[in-house]
Enquirer: 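I'd like to ask some things about the structure below.
On a predicted model such as this, the values are computed, not experimentally measured, just so you know. Per chain, numbering begins at 1; letters A, B, ... match sequence-line order.
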Amino acid sequence: MSTSSPPSYDPPPELNEPQRNAVAHAEGPLLVFAGAGSGKTRVIVYRIASLVAFHEVPPYRILAVTFTNKAAAEMKHRLTGLVGEAMTKDLWVGTFHAVCARLLRRYHAAAGLERNFVIYDDSDQRAVVGRVLKELDLDDRRYPPRQVLSRIHHEKQEGRSPADFVKQGYFDDAVGECFAKYEQHLKQANAVDFDDLLLHVLRVVEDPDSPAGEELRLRFHHVLVDEFQDVNQVQYRLVKGLTLHTHNLTTVGDDDQSIYRWRGADVRVIRNFRRDFPDATVIKLEQNYRSTGNIVRSALGVIKPSAEREPKEIWTANKDGEPVLVVGADSEHDEAGWVVEHVRTLIEHGVSARDIAIFYRVHAQSRVLEEVMRAEKLPYQIIGGMRFFERAEVKDILCYLRAVGNPRSDVDLLRIINVPSRKIGASTLEKLVQTANQQGSSVYDSIEPLISGSSLGTAAKKSLLSFRDLFQSLMAEARTASPSQLCEEILHRSGYQKMLEDEDSAEADARILNVNELVQSIVDYEEEARAADQPATLDGYLERVSLTADADTLEDTPRVAMMTVHAAKGLEFDTVFITGMEEELFPFKGLDPKRGEDLEEERRLAYVAVTRARRQLVITHASRRAIFGQTRYGLPSRFLGDFPKGSTRAIMTPAAALMRDRIRPSGSFQQASFQESGSFGARRGEWQHPQERVPAAAPVTAPVESAPGTKVRTTELTPQAVTSVYVGRPNQRPTAPLPPQRRAPQAFTPAHARQTSPARAPGERYLERDVDAAEGTGGMAAGGQVTHEIFGAGVVEQVDSGPDPAVTVRFSGHGKKRIKARFLRFVDNHD
DNA sequence: TTGCCACAAATTTTT
DNA sequence: TTTGTGGCAA
């Protein structure tokens, strides 16, 4: 190696001497097990830099694949710093799909595609399946397109074609046929789906007789794969094929972070790598540089029970830091209120919002959190969910662009042929598709015969004719205009813009903005292309759109990031809130109890979530949660029980503590009522962190966090009433750490409650009762605390007395409201 | 053919 | 709770 020109970078401190040598110099297969926070990206980058600098491997002979654009960008960024921009530019760095799309444009002929193939996304694919089902005369209620499609996906991820399809059960009989027809349609449309991008390349690479295949097999001298635990069979075969001659395959990953099994990822690939490559050098990075001792130990506790994992001793030299805070909340509203309250505390103490993240297991959980964040006027950003490019209006325009670029793409044509309305209705469309099927052509090609044929009425013919003229003029335009110009023309000539303008509603206005943003994104693309000295083509833009995920758009503005745990992989934050840590939700339990492997993956998912936090981790769970339209009662997640006791501290929100005490006495009104609601019985009284669980007979303490001595002057609460009672003190937030649980005084006992509470007739509204006792606004004054049935806890800002007194209250989670005093209960802070 | 309404269904994670 | 779909009437 060259000693004369020392590299301008330091080797990763994460590596010891032998590891460093292996990474810098190993020929042949190399496997790096990189635990969370162990600096794996540095390792890959360091290796690439070494190959270029010491081993003089031409950059264009090096391929580094990732799973997300973000990871690819990060890698490029770091490489630029190490080996310079010129070198980095020539490296092949990108996602599997982006790299394959690029290769496929070059080798399209070998794959039997036109150069201008389009990439179908999920909804396009579903549209194809829908059409296939119709053609095969299958009931789409018995065979939901989604399920059929996911079955097809599964097959393709394993690298199987319709010919290899193995039927299992009656459902597959239909799926098999659909699969074949689906592939046929894609081919006919000159389209590929996500799986095809890899599959087409794979078929070429694995074809021993194909000259293009041999070219591909020789193309790269080194292939490096990031997040190797996430590869599926196709991806594995692909990188194996590309390194067939050199065996220079570097893989970096962490089997503990394999969370994409449902997407075809196969953990066994990384676990069996040594078996497939007996000569592989294996390195384990076990030191965590990211998180505090408590977090790292918690992470290890969560992942330890995992079966069959590659043994790794994860440790850190960092300080212990704060214990992991486990918060029991009453409902999802209570949970959100608590979380947001503490986010606000952090921000008020100078923490940047960009260092805070809130995670949840499913998107459905985000709504409540979002509402509270918005009410509190805290800056936040939701990652995932509805993507920009999937919005109806954006998708419409994209379909126009794609159809104009590739008229054979039926899905696109059918989507836009009558948008805006051109009086081309269902019956005409039916005939179009029928004709297309009969003559084995595209829908576009069946327009002409129908116009000249006799099966349509004159009105329908006229409509078709005008569409054809429009479309042809757009295609002509496409030959000369730039993508952005073409887009403008489409908006204009198709009448789409006018349609939106005429609608004149707030939604339409938002759509116009979105469409404008789309145009802007094309302009951006053109400018980038120009800067990179490359032609800006329509296909290029469309490809980029197809391969860009929302997770790549995490903005760098200071906002609290809210996302699913899946979306959080690869990210890190100082403070992390993991919400919804309950059985059924996390681990998530679907309808089919195929458990086993699924549970393993949920555990790994929990591990991923925990290891995102650098300094403080807060985990919340709620005893009650309205999700998917109905209220469910749940127990804290089993994963909480795996946290080492010394590293956590469990507390409850005031509302949760309140509830627990309400439940305890047997035969009481509340318990009876809960049992009627049918979801749980006595167990609920034991609701608390598993490790803090006390014997049933032990006295129950009711920790009222941040408001010691707080007493609620009300008496009995119906279950409904407690929905959002939050007895915090929003304006007097302590700095972290939060008070420990033990010392909290009992706010009140069930016995106490019974004594002071008058008997109540069933159905009687408790609120009015309490107001009677309170005598108007008695006791309410600015600064006082009140609770409202819907808005929860708040602080009085102003009192307007009168016959029906009203109060202005600032609610935690709902902002400022003016409310009649009789709808409020107030909280007495004095004993 | 379109638009509205009612009803039903489903409701994880995504390159 | 939201989203989608189907039928029906104009």
Side-chain angles (χ1 to χ4, degrees), chain A residues 65-72 94-101 119-123 125-126 130 140-141 144-147 149-150 153 156-157 192-199 226-227 230-232 234-235 258-265 332 359-368 371 383-387 389-390 392 418-430 457 459-460 463 503 543-552 563-570 580 584-592 598 601-602 604-606 608-609 625-632:
Chain A
V65 246
T66 62
F67 279 86
T68 66
N69 295 301
K70 192 161 183 285
T95 64
F96 269 105
H97 295 86
V99 165
C100 284
I119 301 168
Y120 277 0
D121 72 12
D122 200 56
S123 62
Q125 293 168 42
R126 224 175 311 155
D140 59 1
R141 299 170 69 120
R146 275 193 77 89
Q147 279 179 40
L149 186 60
S150 88
H153 257 308
K156 295 181 85 164
Q157 273 156 356
V192 296
D193 62 21
F194 282 122
D195 300 320
D196 286 333
L197 283 172
L198 314 199
L199 270 174
D226 193 14
E227 306 278 15
D230 286 335
V231 296
N232 61 32
V234 169
Q235 289 157 338
S258 166
I259 57 174
Y260 285 117
R261 200 170 78 94
W262 51 274
R263 204 165 86 183
E332 76 275 18
F359 299 161
Y360 33 81
R361 178 67 236 282
V362 297
H363 277 302
Q365 288 168 259
S366 70
R367 219 190 83 246
V368 176
E371 279 166 8
I383 315 293
M386 187 56 149
R387 300 185 197 178
F389 291 110
E390 278 171 15
N418 199 32
V419 180
S421 171
R422 302 189 176 90
K423 304 234 190 297
I424 301 174
S427 55
T428 310
L429 288 183
E430 185 89 11
S463 307
E503 198 181 315
E543 178 177 310
R544 191 165 85 153
V545 166
S546 306
L547 300 178
T548 303
D550 223 41
D552 302 323
M563 67 192 87
T564 64
V565 177
H566 279 88
K569 203 180 78 158
E584 313 271 287
L585 185 59
F586 199 173
F588 189 89
K589 193 183 126 211
L591 294 170
D592 42 352
D598 284 357
E601 182 142 318
E602 293 290 316
R604 295 193 290 264
L605 193 55
V608 169
R625 182 180 297 276
I627 197 162
F628 303 147
Q630 59 180 351
T631 302
R632 299 210 313 209

Enquirer: Please write out the pairs of protein N or O atoms and N or O atoms of nucleotides 1-7 of chain B separated by less than 3.5 Å, giving the distance to one decimal.
Expert:
{"from": "dT1(B)", "atom 1": "OP1", "to": "Gly425(A)", "atom 2": "N", "distance (Å)": "3.1"}
{"from": "dT1(B)", "atom 1": "OP1", "to": "Ser427(A)", "atom 2": "OG", "distance (Å)": "3.3"}
{"from": "dT1(B)", "atom 1": "OP1", "to": "Thr428(A)", "atom 2": "OG1", "distance (Å)": "3.2"}
{"from": "dT1(B)", "atom 1": "OP2", "to": "Ser427(A)", "atom 2": "OG", "distance (Å)": "2.5"}
{"from": "dT2(B)", "atom 1": "OP1", "to": "Asn418(A)", "atom 2": "ND2", "distance (Å)": "3.2"}
{"from": "dT2(B)", "atom 1": "OP1", "to": "Ser421(A)", "atom 2": "OG", "distance (Å)": "2.9"}

Enquirer: Can you measure Arg632(A) atom CZ to dT1(C) atom C1' for me and round it to whole angstrom units?
Expert: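 About 14 Å, once rounded to whole Å.
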Enquirer: Using side chain to side chain donor-acceptor pair (under 3.5 Å) as the criterion, list what pairs up with Ser123(A), not counting sequence neighbours.
Expert: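 With sequence neighbours excluded, Ser123(A) shows a side chain to side chain donor-acceptor pair (under 3.5 Å) to Asp121(A), Lys395(A), given in chain and number order.
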Enquirer: For the base of dT13(B) and the side-chain ring of Tyr260(A), does the geometry meet a stacking cutoff of under 5.5 Å between centres and under 30° between planes?
Expert: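 By the stated criterion, Tyr260(A) and dT13(B) do not stack.
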Enquirer: Please check if the side chain of Glu601(A) supplies one atom and the backbone of Arg261(A) the other of a donor-acceptor pair under 3.5 Å.
Expert: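 Yes, because the side chain of Glu601(A) sits within donor-acceptor range (under 3.5 Å) of the backbone of Arg261(A).
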Enquirer: Whole angstroms only, please: what is the CZ-P distance between Phe588(A) and dT13(B)?
Expert: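 So the two atoms are 8 Å apart, to the nearest Å.
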Enquirer: Closer than 3.5 angstrom, by distance alone: can the side chain of Glu227(A) be matched with the main-chain N or O of Thr66(A) as a donor-acceptor pair?
Expert: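 A pair under 3.5 Å: no.
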Enquirer: Calculate the interatomic distance between Ile259(A) atom CD1 and dT15(B) atom C1'; express it in whole Å.
Expert: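 The distance from CD1 of Ile259(A) to C1' of dT15(B) comes to 13 Å, rounded to the nearest Å.
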Enquirer: Once hydrogens and angles are ignored, does a donor-acceptor distance under 3.5 Å link the base of dT12(B) to the side chain of Arg361(A)?
Expert: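 It does, because a donor-acceptor pair links the side chain of Arg361(A) to the base of dT12(B) below 3.5 Å.
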Enquirer: Write down the distance between CZ (Arg146(A)) and P (dT3(C)), rounded to a whole number of angstrom.
Expert: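 Rounded to the whole Å, the gap is 14 Å.
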Enquirer: What integer distance in Å separates Glu601(A):CD from dT13(B):C1'?
Expert: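 Spelled out: CD on Glu601(A) to C1' on dT13(B) is 9 Å.
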Enquirer: Considering residues at least two apart in sequence or located in another chain, which fulfil the side chain to side chain donor-acceptor pair (under 3.5 Å) criterion with Arg367(A)?
Expert: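 For Arg367(A), the residues satisfying side chain to side chain donor-acceptor pair (under 3.5 Å) (neighbours in sequence not counted) are Glu371(A).
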Enquirer: Please identify each residue that fulfils side chain to side chain donor-acceptor pair (under 3.5 Å) with Arg625(A), with sequence neighbours left out.
Expert: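 Arg625(A) satisfies side chain to side chain donor-acceptor pair (under 3.5 Å) with Glu335(A), Glu582(A) only.
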Enquirer: How many Å lie between CZ on Arg126(A) and C1' on dG4(C), as a whole number?
Expert: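 From Arg126(A) CZ to dG4(C) C1': 11 Å.
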Enquirer: Which residue lies toward the 5' end of DNA chain B, Asp122(A) or Gln147(A), if each is placed at its nearest nucleotide?
Expert: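 Its nearest nucleotide being more 5', the pick is Gln147(A).
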Enquirer: Just how far, in rounded Å, is P of dT13(B) from CG of Asp230(A)?
Expert: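 It works out to 17 Å between those atoms.
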Enquirer: Does Phe67(A) reach a base, just sugar-phosphate, or nothing at all? Heavy atoms under 4.0 Å.
Expert: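 Answer is sugar-phosphate: Phe67(A) comes under 4.0 Å of backbone atoms only.
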Enquirer: Return the set of residues passing ring pair (Phe, Tyr, Trp, His ring centres under 6.0 Å) with Tyr360(A) (not counting sequence neighbours), or none when no residue passes.
Expert: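 If we apply the ring pair (Phe, Tyr, Trp, His ring centres under 6.0 Å) test to Tyr360(A), skipping adjacent residues, there are no hits.
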Enquirer: Rounded to whole angstrom, note down the C1' distance from dT12(B) over to dT5(C).
Expert: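 Straight-line distance between the two C1' atoms is 23 Å.
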Enquirer: Within the structure, does a side-chain N or O atom of Thr564(A) lie under 4.0 Å from either OP1 or OP2 of dT14(B)?
Expert: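 Yes, within the criterion.
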Enquirer: Could you tell me the separation between the CZ atom of Arg261(A) and the P atom of dT14(B), rounded to a whole number of Å?
Expert: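 Computing the Arg261(A):CZ to dT14(B):P distance gives 17 Å.
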Enquirer: Closest to the His97(A) side chain: dT1(C), dT14(B), dT15(B)?
Expert: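 Closest nucleotide to the His97(A) side chain: dT15(B).
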Enquirer: Would you please name every residue forming a side chain to side chain donor-acceptor pair (under 3.5 Å) with Asn418(A), sequence neighbours left out?
Expert: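 Once residues adjacent in sequence are excluded, Asn418(A) has no partner under the side chain to side chain donor-acceptor pair (under 3.5 Å) criterion.
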